[in-house]
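Every chain is numbered from 1 and lettered A, B, ... according to where its sequence line falls, protein lines coming before strand lines.
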There are 2 protein chains.
Amino acid sequence: MSSGSDQQDIKREKILDAAYQRFLHYGYSKTTMNEIASDLSLSKALLYYYFPDKSQLYIAVMRKLAGEYIDNLQSRLNKFDNLKEAFVSQINIKHDFIVKNYNFFDFFRVNEQNLPDTIWEIITEIHQTEMVLLSAAIKIEAEKGNIKPVDNPGEIVDLLLDALHGVSVSAVSHKKVMFPQKEHLDEIHSKRLLLLDIFIKGLMY
Amino acid sequence: MSSGSDQQDIKREKILDAAYQRFLHYGYSKTTMNEIASDLSLSKALLYYYFPDKSQLYIAVMRKLAGEYIDNLQSRLNKFDNLKEAFVSQINIKHDFIVKNYNFFDFFRVNEQNLPDTIWEIITEIHQTEMVLLSAAIKIEAEKGNIKPVDNPGEIVDLLLDALHGVSVSAVSHKKVMFPQKEHLDEIHSKRLLLLDIFIKGLMY
DNA sequence: TTTTGATAATTTTGTTTAAATAGTCAGTAA
DNA sequence: TTACTGACTATTTAAACAAAATTATCAAAA
């Protein structure tokens with residue numbers, strides 16, 4: 001898979017870590033390549049030896065975080081006791097992910113309009129993983145007869161994920177945004193759990 | 001209430017109509033006060049005799065539209081056969097409202113970040129009307145025993161409205177936005193009806 | 001192969017100017 | 001006194017440019 005040497009991979013990781021810390025604390029645009037380099041006592045030029053440009057570096061960090069998130073989700077949704085528990089796990093894992101990395105995502109707020117395609121691919125990958133895992137959960141529960149039969153589990157999951165996501169975009173509160181404000185995250189989280197509760201009941205007999 | 005003469009009110013209305021047409025076809029920033037004035041064969045200065053400034057004129061039109069929307073909603077939700085029908089009405093009326101006035105709202109897209117407080121007040125008024133009417137509907141249905149007892153109808157309506165609104169902000173599709181794109185409105189509309197269907201079932205025995 | 005200092009290229013920020021548009025006002029007409 | 005206007009001023013927008021900050025490259029050294 002990876003074509004470089006072990007040494008190279010180790011250094012690459014170190015750069016990713018340093019970049020992550022900077023991006024997390026100061027955001028994308030307030031982080032300079034020089035700062036990342038000097039955090040590691042390296043020359044800036046070396047960063048360009050390992051990564052083609054700044055945005056690719058950011059994306060590489062993003063990809064790593066997404067991978068961890070996905071692993072997390074898969075191991076947790078590998079088995080579950082009931083449908084609600086499965087969805088609750090998804091909601092919680094995502095909540096923690098957002099809370100932990102909140103400032104890292106300032107890149108999203110800044111570039112709101114046109115995120116690079118690569119970022120969208122990562123978002124899509126996450127979304128598809130969620131779709132696959134949760135659709136499977138619905139299918140299993142439907143087969144067990146724990147909920148009503150479902151024609152198209154994917155459609156239901158898609159709808160629910162949209163609805164859950166929508167809870168963070170309250171139409172009324174001042175200062176809109178694609179991305180929720182940090183202070184609201186916990187409120188959003190509990191609203192989601194309530195929505196899930198009603199939604200799941202709607203799927204049951 | 002209104003302090004001007006009838007004549008004044010009539011002219012005011014004419015200005016509002018002309019402004020509405022311009023804003024609807026060309027959007028806020030591509031409409032000049034001169035254009036509105038000459039549509040009516042009046043001097044621009046007269047517009048300032050009736051309205052303090054351009055944004056107040058826009059807001060006055062907005063207020064009028066909101067008033068019509070609210071009247072619409074109230075007369076429709078005055079009585080209903082069952083809970084689902086009530087919510088379907090709300091969804092449909094809002095859908096039509098958005099479709100009809102789509103371009104008028106370009107002001108919202110442009111000023112995305114900081115809409116004037118007055119606009120937020122109008123949005124809030126609409127939201128509160130929806131809350132009151134739909135909460136009442138839930139209360140009535142709960143008392144009739146058609147759905148499970150509900151502690152706090154307002155909370156449920158708020159949640160559902162958020163979720164419905166969220167359907168228009170698909171997290172995955174490229175090109176985010178606070179405001180949905182015109183081509184997606186019908187797809188959003190049917191997703192909402194599906195979400196409503198499941199949600200209502202979740203409220204039933 | 002990995003690393004760097006020096007340098008080039010690009011982006012961002014700030015400044016100036018001109019044009020377009022918003023907004024004011026003294027005065028006229030009904 | 002109320003409704004209205006032409007001529008004026010003030011403000012906003014946009015384009016063009018320069019300076020500063022930052023990204024990105026590259027020839028050469030370790």
* Position toward the 5' end of DNA chain C (nearest nucleotide), Ala45(B) or Tyr48(B) -> Tyr48(B)
* To do: Give one of base, sugar-phosphate or nothing for Ser55(B), where a contact means two heavy atoms less than 4.0 Å apart.
  => nothing
* To do: Report yes if a side-chain nitrogen or oxygen of Tyr49(A) is closer than 4.0 Å to either non-bridging phosphate oxygen (OP1 or OP2) of dT2(C); otherwise report no.
  => yes
* Structure fact -> Picking from dT2(C), dT2(D), dG23(C), the nucleotide nearest the side-chain atoms of Lys44(B) would be dG23(C)
* Hey, is Glu13(A) close enough to Lys64(A) for a salt bridge, meaning N to O under 4.0 Å? -> yes
* Rounded to whole angstroms, how far apart are CD1 on Ile15(B) and P on dT5(D)? -> 10 Å
* Asked: Taking atom types as modelled and ignoring hydrogens, do the side chains of Tyr69(B) and Glu130(B) form a donor-acceptor contact shorter than 3.5 angstrom?
  -> yes
* Asked: What are the two closest non-hydrogen atoms of Lys11(B) and Leu42(B), and how far apart are they?
  -> NZ-CD2, 4.0 Å
* Asked: What is the distance, rounded to the nearest whole Å, between atom CG of Leu46(B) and atom C1' of dA26(C)?
  -> 16 Å
* **Gln7(A) side chain near dT2(C) phosphate (N/O to OP1/OP2, under 4.0 Å)** => no
* Select base, sugar-phosphate, or nothing to describe what Tyr50(A) touches, counting heavy atoms under 4.0 Å on all strands. => sugar-phosphate
* **Distance-only donor-acceptor test, Lys54(A) side-chain atoms vs dA24(D) base atoms, 3.5 Å** => no
* Rounded interatomic separation in angstrom, taking CE from Met33(A) and P from dT10(C) -> 17 Å
* Under 4.0 angstrom, heavy atoms only, what part of the nucleic acid is Ser29(B) near: base, sugar-phosphate, or nothing? -> nothing
* Round to a whole Å and report the spacing from CG of Leu40(A) to P of dT2(C). => 16 Å
* Qualifying residue, where the test is ring-ring contact (aromatic ring centres under 6.0 Å, His included) with Tyr28(B) and the options are Phe105(B), Phe108(B), Tyr58(B) -> Tyr58(B)
* Asked: Hey, does Ile138(A) have a side-chain heavy atom less than 4.5 Å from the side chain of Phe87(A)?
  -> yes
* The side chain of Ser43(B) lies closest to which of these nucleotides: dG6(D), dG5(C), dT23(D)? -> dG6(D)
* Asked: Considering only side-chain heavy atoms of Asp53(B), which listed nucleotide, dA3(D), dT23(D), dG23(C), is closest?
  -> dG23(C)
* Structure fact -> From CG of Asp6(A) across to C1' of dT2(C) the rounded distance in Å is 16 Å
* Asked: In terms of side-chain heavy atoms of Thr32(A), which of dC26(D), dT2(C), dT23(D) is nearest?
  -> dT23(D)
* Asked: For Gln56(A) and dA24(D), what is the distance between atoms CD and C1' respectively, to the nearest whole Å?
  -> 13 Å
* To do: Provide, to the nearest angstrom, the distance between the NZ atom belonging to Lys11(B) and the P atom belonging to dA3(D).
  => 10 Å
* Specify the separation, in whole Å, of atom OH of Tyr28(A) and atom C1' of dT11(C). => 12 Å
